[in-house]
2 protein chains.
Amino acid sequence: MAERLTARSARSQEIVEAARTLLEESGPAALTMRALADHLGIKAPSLYKHFPDKQAVEVELIAQMLAESAEAMEAAEAREPGSLPALAEAYRAYALAHPHLYCLATERPLPRASLPAGLEDRAAAPLMRACGGDLDLARATWAFAHGMVILEIHGRFPDDADLDAAWKRGTRALH
Amino acid sequence: MAERLTARSARSQEIVEAARTLLEESGPAALTMRALADHLGIKAPSLYKHFPDKQAVEVELIAQMLAESAEAMEAAEAREPGSLPALAEAYRAYALAHPHLYCLATERPLPRASLPAGLEDRAAAPLMRACGGDLDLARATWAFAHGMVILEIHGRFPDDADLDAAWKRGTRALH
DNA sequence: GACGTCAAGCTAACGCCGTTAGCCAGACTC
DNA sequence: GAGTCTGGCTAACGGCGTTAGCTTGACGTC
């Protein structure tokens, strides 16, 4: 409904790039409007010439994460069509490579209205296909994968837990 | 290591109670030291006579959540020994009844050093038993359950998704 | 070439936030 | 009674997101 139809300006893209660096390298607490402006050599209020608020910058990051993880899943699908373990491995690898971004995009309601149309569906499609269109299985599998990733990112498993084995056990059960 | 060995004072317990009300009724953004103090008829700095910082209050809430969900799981186990679906239902019901508390306790690293000894293990034990001691299966199942709950809390599933069916499908697969 | 417009920077400030320093009143102890 | 401890208080600091309002320079048009 409210999603942008035009690309952002070059400056806006620079801002999003800087925001991403800040987030990925230093975590969510470091992503402040002042730090972001600093990184760009401007003052915080100037950011509001490009984005209405901080959330709008975050939405861009969320969209990036969704698009990139969709790409990762599509690549895995192309490599091993129909393989759930391949998808699971791709999902896990992408999330663990970008933990702060993954959390940002995942630990709050999706700002669906501000996202490019079809992006959410695209991200979900490969898993959907691997589950042969079984919606319930696809959702259960997504929940498993998300749970594994997010619990690992937050260090909730015991230090000595064999997470490879847990992933295998889960994907095998959900084949 | 650093966990408390003595019970908190009566006043401290009142503070934690108020914090819980604030969190559960109004969400994490509403849980500020000033609002908490207001609720108790005192000023924010006075809270620091009872807790070293905000995190210490939150740790108490996390401990409550862990203890209560452990109780819920133990009750489910007593009702239907060895039943994974019964445990899953209890887990889901508790989490959805206290979504803000569940997120607070779950979406960050566990402050293990500040938690009562054995609490984490106690919360995990019923699932462990239902999985017949298969650690990998227990972890995969926990990830599935956590993923389902947290995705539901954050409204990540489509509005028309049949989550009961997805839970059934998942618990069946992971029996 | 002067003029108006507009994009994109700036400073100052507001009202939040967690937190600290330092003061004070009352209760409890010897 | 004197001293200590408990649990309040006010004032303040630095950081946050954000707003208002000013300025400067580039561009397009007469």
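FYI, side chains are in, hydrogens and waters are out, and symmetry mates aren't considered; it's all heavy atoms of this structure. The sequence lines fix the lettering, A, B, ..., with proteins before strands; numbering per chain opens at 1.
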Is atom NZ of B:K54 surrounded by more than 12 heavy atoms (other residues, nucleotides or ligands) closer than 6.0 Å?
yes
In residues 46-58 of chain B, what residues come within less than 4.0 Å of DNA chain D, judged by heavy atoms?
B:S46, B:K49, B:H50
Students should find that the nucleotides of DNA chain D closing off the region near chain B, any atom under 4.0 angstrom from a heavy atom, are D:dG7 to D:dA12
Positions of residues 22-38 of chain A (non-hydrogen atom under 4.0 Å from DNA chain C), listed by number
A:R34
Give me the one residue out of B:L22, B:L61, B:L23 that meets side-chain contact (heavy atoms from CB on, under 4.5 Å) with B:H100.
B:L23
Name all residues meeting the side chain to side chain donor-acceptor pair (under 3.5 Å) criterion together with B:S12; count only those two or more places apart in sequence or in a different chain, and write none if there are none.
B:S9
Got a sec, which residues hit ring-ring contact (aromatic ring centres under 6.0 Å, His included) with A:Y48, two or more places apart in sequence or on another chain?
none
Side chain to side chain donor-acceptor pair (under 3.5 Å) involving A:H50 - partner list, sequence neighbours excluded:
none
Would B:Q55 and B:R108 satisfy side-chain contact (heavy atoms from CB on, under 4.5 Å), going step by step from the backbone distance to the final call?
CA-CA 12 Å; B:Q55 230 211 110; B:R108 67 204 70 200; over 6 Å; no
Are B:R20 and B:E17 close enough for a salt bridge, meaning some N to O gap below 4.0 Å?
no
Is it true that B:D162 and B:R169 have a side-chain N and a carboxylate O under 4.0 angstrom from each other?
no
I want to check something: taking the side chain as every heavy atom from C-beta on, are B:E71 and B:R122 in contact at a cut-off of under 4.5 Å?
yes
Using 30° and 60° as the class limits, which term best fits the ring planes of A:H146 and A:Y102: parallel, tilted or perpendicular?
tilted
